[in-house]
Amino acid sequence: MTATIANLPSHYDSTASEAKWQKFWEENHVFKADPNAPGEPYCVVIPPPNVTGSLHMGHAFETALIDALVRYHRMCGYNTLWLPGTDHASIAVQTILEKQLKAEGKTRQELGREKFLERAWKWKAESGGTIVNQLRRLGVSVDWSRERFTMDEGLSKAVLDAFIQLYEEKLIYRGNYLVNWCPASQSAVSDLEVENQEVNGHLWHFRYPLAQSDCYVEVATTRPETMLGDTAVAVNPKDDRYKHLIGQMVILPLVDREIPIIGDEFVDPSFGTGCVKVTPAHDPNDFEMGKRNNLRFINIMNKDGTLNENAGEFQGQDRFVARKNVVRRLEEEGMLVKIEDYKHTVPYSDRGKVPVEPLLSTQWFVKIKPLSEPALADLDQKNSPEFVPDRWTKVYRDWLVSLKDWCISRQLWWGHQIPAWYAISETGGIITDTTPFMVARSEAEAREKAIALFGENVQLEQDPDVLDTWFSSGLWPFSTLGWSDETPDFKRYYPTATLVTGFDIIFFWVARMTMMAKHFTGKMPFKTVYIHGLVRDENNKKMSKSSNNGIDPLILIDKYGTDALRYALVREVTGAGQDIRLEYNRKTDESASVEASRNFTNKLWNASRFVLMNLDGKTPDQLGLPDRDQLDLSDRWILSRFHQVTQQIRDQIDHYGLGESAKLLYEFIWGDFCDWYIELVKSRLLGDDAVSRKAAQQTLAYVLEGTLKLLHPFMPHITEEIWHTVTQTDETSGQTLALQTYPIADSTLINPDLEQQFDLLIDTIRTIRNLRAEADIKPGVKIEAILQTESEKEEHILKSGQPYIQDLAKVQTLRINQPQTQQARPEVTVDSSETDLVGSIATFLSTHQRVLLTIGCILLTLITLKICAGLLEAVHEILLLSTFLELVGIGYTVWFIKQKLWKVGDRQQLFSQIEQFKTEVVGEPRPDAPEPIVNSSSPSEEDSAQTIVGVVGTVRVAIPLAGLIDLVALKAKTEKDLKKVEAEIQALSGRLNNAKFVDKAPPDVVQTARDALSEFETQAEILQTRLDRLD
RNA sequence: GGGCGAUUAGCUCAAUGGUAGAGCGCCUGCCUUACAAGCAGGAUGUUACUGGUUCGAGUCCAGUAUUGCCCA
């Protein structure tokens, strides 16, 4: 048994609770998957975070979404596995480490590969530890026993297997191609690691003289220094200005090299002069042109971004220094025509933050078409994988179609070293483009092969480069499950169910995984790809490390709790794929939206406290299911709502409507359950009808427990905490909400008609409350209210809900009448024997309130004076005190009259107090009195101007007010209401008078409009009558 | 330049083509024994703009403006 709830504080302590349950889940192996257990498998692999430091809000968002899906499916009975892990992020980590080294005045070369890698592993341990800790604090339901890292033993083996297989299939090749060279990290980077930035640059126009004449052609470039590597000038063969020049030669200035003028369709005649210089070794387009036209490839650059021996006088200069110098020299030679300001995009290295240099070098490539085509076929033929939302399918498809061969080698140390060994003894002890190599599983295997080819004395050296990180990430969905072995996990959980990730890495990652998976396993690695948006900051900027606008989720978790943060993130999502914006004040570390969610957790907490306080120490199980025959109207209503919401939530989550589900729960818990049901049930819990009380307890317990289950995937910690208390489940039992069955909607309890009827009661209560506020009636004061309707149905509903109205609108006496015009109808005339004593007194009181007021006033004054006199007598010996008290007595009388009798509202309050005093003596009317007071010989309230009136549906709500009221204000309010109603009437009748609308609109829409019009007309009539009487 | 989104209350965002809602903020009144992190009530909109389709458009179409992202 757990501690009694009475000891619980009124505020939920997230910090303590979260730590407790995170520990509990892990220690009890709650999320440990068992491939031998029954149930359809539901497996999700985590998009592995980079070990580059810590998680940011985007990760928190993503894991909140995944966890909601995973916990939901687990509770739905799937054999669920969420597999966690991290990614080694070769470039990113190496950049961080080199920065650290630089700060210490060292380089990695000085340190050496081995020591550098030691350092990297140390970093990995720290960062990985931080990340894992953060994931734990987020309360994710992952199976930690299966945690993986892209460079751990198993995954490294998978990488080796994949590489060797692809190489043997001739899908991996080594070749000399143009790559994106990052001079900062001194490595090739993939197209994806390049970020195009718009810069304000220049367009330089140069003259290249023709070899055979005094004429020249004019070319334009944004990178003048590359002219040193030009091997042609190209024009469009259809360009009349130049086509006669094709085949002629020009003399390259500064270099004095003769280069041809070629015709190539690629040249855009409208760009610049229509005549372009061609540098095949330093520009991707020129590279293609060079291959098409058999041009020379002259590399003018070293790997550090300085110019090499091919640059002549500029050798050794940095590329940007050389740029200036080349321009100056051309100007001196008279070859500079002009310099234009020019805005263009420059490729920057994502990591190195310097402009990327297209550089010709020898790299390893994956032939992509044989991989992308099967993946494309699956998409086109089977719509696999299915993207949610669908529009991302096109993005994914376009990418697959336009893929180029994938450069997979990186000139880095941190990562999977390429399993190729060079027979360097064949090429003078160094690796060159022509050094023979062996691809093998190990150095020993490579040596065996090498000896066979080159003899015993062959010297081997492993390729120093590592593989692109995405090569190993591409294997993630199956390598983590044990591939390339047929492990039980792989057999049971592969292919996985859903991949949840951001659209920004569809290219990077999703396409790599589908291609690799199709090739190696023959299957798409996941059924569905759920694409979520990005978390933007308060300025609508994407949160990222480079923008330095990220927010550490732990700050908000510490302040508001994990559940609050997660819920705030998830409820922001609509549909899917939409970006969300997180409100955040960087000065105070506060977030309004997370605070709102925290308030919601607190609301749930307190509602649960209330329920617990009223269950007489029993659990939902002990109380049992409520007997349907004993249910009160409100019980049936909340049960209908509960099952309705259950159905909606299941539908939503099944279609990835996570934000919608979260919002549904918010409305249900705060609105239906707390604002209405709990308020309605209070009097029954306090009352002495044991049967009704028990039904209320059972319903409360049942709905609360069910709601905790519904909410669990979104707010795992607080629901677990409350569930354990409500069910009195000891922690040591190992029982957990996380493994309970997710509620299943019982359609026999869903009653839309009942819900609609209940809405009328709610609206009636609201209208009375509204009128009370308008009339400035104090909250504690009980009033009289009169409800009139022409509709028998409405009348019936109002009568069944009478105690609710009295209870929640603080109505002492409620009359539910037929309007005067129909009062003759017998069914509404109730035998006077049914009119109880209280009703008589109320009628008497309201009829004779003025007399009563006067009597009360006199009585009170007399009592006051009597008390004063008595006091004076008792203390008359004290000097001056008697005079003082006399003054007090007189003063109080004056004060009393002014305070209690002068104003209308105050007199009314006094009246009400007297009435309450009366009820205390006579007794409270039973809240579940079978019939409201019906009085066909209606008193004159509705004839009096001293009545405030509102309408709901076609129900007229009247509250008689004692004494005079502010007629002007009342009139203004009535006029305002009437105006609103008249506007509605005008709009509706306009529509209904339109023959086309009546003809063409669906009949139910027309009928709805007719019903609404008739309702508004009734409302208008009621309001107009009131207004007439006020005049 | 091509593509994909977005633009609705002061702010953040909702609304199967049927006549606009929520949270926060604001105003009024309440410490009503679950909750002041709360309760009750209230005010607030030419749905960016211009046309078109339709009986009917925030929603569909075309264009314009602003803005964000992706790809060149």
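First the proteins, then the strands, lettered A, B, ... as listed; each starts at 1.
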Donor-acceptor pair present, A:Glu572 side chain and B:A14 base, under 3.5 Å: no
What's [X] touching, base or sugar-phosphate or nothing? Going by heavy atoms closer than 4.0 Å.
X: A:Leu582; answer: nothing
X: A:Arg581; answer: sugar-phosphate
X: A:Ala987; answer: nothing
X: A:Asn994; answer: sugar-phosphate

B/S/- along nucleotides 1-7 of chain B (protein heavy atoms under 4.0 Å) is ---SS--
In B/S/- notation (B base, S sugar-phosphate only, - none; protein heavy atoms under 4.0 Å), nucleotides 40-47 of chain B written 5' to 3' is SSSS----
Below 4.0 angstrom, N of the basic side chain to O of the carboxylate: do A:Asp654 and A:Arg650 qualify? no
On a whole-Å scale, what distance lies between the [atom1] atoms belonging to [N] and [M]?
N: B:U8; M: B:G1; atom1: P; value: 26 Å
N: B:G2; M: B:C60; atom1: P; value: 23 Å
N: B:G58; M: B:G51; atom1: P; value: 15 Å
N: B:U7; M: B:A15; atom1: C1'; value: 16 Å
N: B:A34; M: B:U16; atom1: P; value: 39 Å
N: B:G10; M: B:G29; atom1: C1'; value: 23 Å
N: B:U44; M: B:C39; atom1: P; value: 23 Å
N: B:G52; M: B:C71; atom1: P; value: 39 Å

Taking the nucleotide of RNA chain B with the closest heavy atom to each, which residue, A:Tyr12 or A:Phe610, is nearer the 5' end? A:Phe610
Could you pick out which residue, A:Val611 or A:Asn602, lies toward the 5' side of RNA chain B when each is mapped onto its nearest nucleotide? A:Val611
Can you tell me which nucleotide in [options] comes closest to the side chain of [X]?
X: A:Ala596; options: B:U54, B:C35, B:C24; answer: B:C24
X: A:Ala1001; options: B:C24, B:C55, B:G23; answer: B:C55
X: A:Phe997; options: B:C55, B:C35, B:A34; answer: B:C55
X: A:Trp670; options: B:A37, B:C30, B:C39; answer: B:C39
X: A:Arg598; options: B:C55, B:C24, B:A37; answer: B:A37
X: A:Asn599; options: B:G38, B:C55, B:C35; answer: B:G38

Sort out the partner of [N] for me: Watson-Crick or G-U wobble, both distances under 3.5 Å, none otherwise.
N: B:U66; value: B:A6
N: B:U47; value: none
N: B:A14; value: none

Passes salt bridge (Lys or Arg N to Asp or Glu O under 4.0 Å), A:Glu572 versus A:Arg581? Steps please. CA-CA 8 Å; A:Glu572 289 291 321; A:Arg581 200 184 300 201; over 6 Å; no
Donor-acceptor contact present, side-chain A:Arg693 to main-chain A:Leu685, <3.5 Å: yes
Would you please confirm or rule out a distance under 4.0 Å between OP1 or OP2 of B:U32 and any side-chain N or O of A:Lys778? no
Check the phosphate of B:G38 against A:Asn606, side-chain N and O only, distance under 4.0 Å to OP1 or OP2. Yes or no? no
